[in-house]
Amino acid sequence: MTFQPEWKKLGLLYSPQGKNRHAKLATHAANPLALHMADDVFRVYYSGRDEQNRSSVGAVDIDIVRGEVVKDHFEPFLIHGAAGSFFADGISIGNHYQVNGSTFILFMGWQTPSEGHWRGDIGRITVAEDLTLQVTDRQPYLALDADDPISLSYPWVMQTAPQRYDMWYGSTLTWEAENGEMVHIIKHAQSADGVSWHKTDSAVPYQLNYAQVFSRPSVIKSSEHRLDMWFSYRCGTGQKYRIGYAYNTGEGWQLALNNSGIDVSESGWDSEMIEYPFVFQHKSKTYMLYSGNGYGRTGFGLAVLNTP
């Protein structure tokens, strides 16, 4: 029987609008990432922007069950890099994972050269015990190469077996397909130790004018034999971001966009677009953080997966 998830929206959790903001977090709360602190409280890191559109990492502590902000951190936890660095124009975070007791976050480092197209490489952040952040290396953790020569984005890493880590990440195939939209797909890499990676031929299927621009995959292991993935996507016909869904029961990823279980609202903060999902489990429930209109300009909200 095909899994057909259904998400119940719990509303807007956090919005940067109308607040006394740090200059580096002046607008947007995109790419929310939840890291458990204690009880029902999670630190939710997000990517905010300055007036030059460069993204840095802020955070807010939220009681997920009550849906309330416990603490809004004014200072950014991590600021975009200096001119010439691989993250000079922004940091867009993926998810967190552990290797040998250390916690890491992979991120997309933005570069927007004055001459040429914007592009991204993948960097790595170390999360300290006090949940402060530091870019681990000043060089990309995963850089462009012959397999991925154009641009990389938003990685998701999870340990799926005692000596196996899987990574799903975005890779650009072209900036302009025949319909005028870019093609950016979700590809896969695997590691035995969570440090050294080799790329595989596995990828989520794409199709022009249906689903051709993917970003921010979010994966959970729903059972011993099934992985579920939510992601944001554009179809290439002018429609803004929506959240899509795919599943893998051991025979490769199957695209099931109509089964994502969540869509834009009729009005309000998430009525134009929904994107950058972060799916996580807490106390036997599955939650999704996601961003709203304007690539997260209106903030991020929370949804819970209905269970039969």
Side-chain angles (χ1 to χ4, degrees), residues 27-28 30-31 47 49 52-55 86-92 94 107-122 140 142-156 168-188 199 201-218 229-246 252-260 262-266 269-277 290-298:
T27 66
H28 293 76
N31 302 94
S47 293
R49 303 188 194 182
Q52 294 176 267
N53 230 25
R54 298 172 299 187
S55 54
F86 77 92
F87 58 109
D89 295 300
I91 298 173
S92 292
F107 69 93
M108 174 184 175
W110 289 81
Q111 303 133 63
T112 56
S114 57
E115 296 182 3
H117 204 286
W118 63 263
R119 51 164 279 195
D121 289 300
I122 292 174
L142 287 180
L144 301 182
D145 58 17
D147 294 318
D148 301 298
I150 300 177
S151 185
L152 301 171
S153 76
Y154 315 111
W156 184 277
W168 295 272
Y169 65 96
S171 179
T172 301
L173 301 186
T174 179
W175 290 123
E176 187 172 348
E178 58 191 53
N179 59 8
E181 174 69 283
M182 65 186 290
V183 177
H184 189 80
I185 67 171
I186 297 173
K187 300 178 73 173
H188 175 257
K199 297 175 180 178
D201 293 329
S202 174
V204 176
Y206 74 95
Q207 181 179 330
L208 296 186
N209 301 314
Y210 180 64
Q212 68 183 71
V213 184
F214 297 77
S215 69
R216 229 292 177 97
S218 184
M229 176 191 291
W230 286 267
F231 47 82
S232 41
Y233 77 97
R234 298 197 302 269
C235 57
T237 61
Q239 179 177 275
K240 296 180 179 180
Y241 266 140
R242 298 292 189 268
I243 290 177
Y245 168 73
W253 287 101
Q254 305 297 315
L255 204 57
L257 296 183
N258 295 331
N259 288 358
S260 70
I262 190 168
D263 203 349
V264 294
S265 299
E266 291 185 2
W269 72 277
D270 64 346
S271 60
E272 299 173 7
M273 60 193 295
I274 52 174
E275 71 283 351
Y276 310 141
Y290 67 97
S291 298
N293 301 342
Y295 301 95
R297 179 175 285 274
T298 55

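Because only heavy atoms are used, hydrogens play no part in the values below, and waters and symmetry mates are left out as well, while side chains stay in. Numbering of residues begins at 1 and proceeds along the displayed sequence.
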Kindly give the heavy-atom pair with the smallest separation between [X] and [Y], and that separation in Å.
X      : Y      : result
Ser153 : Ile122 : O-CD1, 4.1 Å
Ser215 : Ser232 : OG-OG, 2.5 Å
Ser271 : Val264 : O-CB, 3.6 Å
Lys187 : Ser171 : CD-CB, 3.5 Å
Ser47  : Ser55  : CB-CB, 4.3 Å

Trp168 and Trp253 aromatic ring geometry - parallel, tilted or perpendicular at 30°/60° bounds =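 Judged by the thresholds at 30° and 60°, the geometry between Trp253 and Trp168 is perpendicular.
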Is the Phe86 ring parallel, tilted or perpendicular to the Phe107 ring (thresholds 30°, 60°)?
->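 Answer is parallel, since the angle falls under 30°.
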For the atom pair [atom1] ([X]) and [atom2] ([Y]), what is the distance rounded to the nearest 0.5 Å?
X      : Y      : atom1 : atom2 : result
Asn31  : Ser92  : CG    : OG    : 5.0 Å
Met182 : Glu176 : CE    : CD    : 11.5 Å
Thr112 : Gln52  : OG1   : CD    : 9.5 Å
Ser291 : Ile274 : OG    : CD1   : 10.5 Å
Glu275 : Arg242 : CD    : CZ    : 10.0 Å
Met273 : Tyr295 : CE    : OH    : 4.5 Å

Given the rule in the salt bridge (Lys or Arg N to Asp or Glu O under 4.0 Å) test, do Lys199 and Asp148 qualify, once you have shown the distances and angles that lead to the verdict?
-> CA-CA 10 Å; Lys199 297 175 180 178; Asp148 301 298; 2.5 Å; yes
Any side-chain heavy-atom pair from [X] and [Y] closer than 4.5 angstrom?
X      : Y      : answer
Asp121 : Gln111 : yes
Thr298 : Asp270 : no
Met229 : Ile186 : yes
Tyr233 : Tyr210 : no
Leu144 : Leu152 : yes

Under the side chain to side chain contact (heavy atoms under 4.5 Å, CB included) rule, what do Leu255 and Val204 come out as? Steps first, then yes or no, please.
-> CA-CA 7 Å; Leu255 204 57; Val204 176; 3.8 Å; yes
For Asp89, what residues pass the salt bridge (Lys or Arg N to Asp or Glu O under 4.0 Å) criterion, not counting sequence neighbours?
->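 Once residues adjacent in sequence are excluded, Asp89 has no partner under the salt bridge (Lys or Arg N to Asp or Glu O under 4.0 Å) criterion.
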With no hydrogens and no angle check, is any side-chain donor or acceptor of Ser151 less than 3.5 Å from a backbone partner on Thr172?
->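 Between the backbone of Thr172 and the side chain of Ser151 there is no qualifying donor-acceptor contact (under 3.5 Å).
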Over 12 foreign heavy atoms within 6.0 Å of CG, Asp201 =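 Count not over threshold, so no.
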Test Phe214 against every option in Tyr206, Trp230, Tyr154, Phe231 by the ring-ring contact (aromatic ring centres under 6.0 Å, His included) rule and name the one that passes.
->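 The residue from Tyr206, Trp230, Tyr154, Phe231 that satisfies ring-ring contact (aromatic ring centres under 6.0 Å, His included) with Phe214 turns out to be Phe231.
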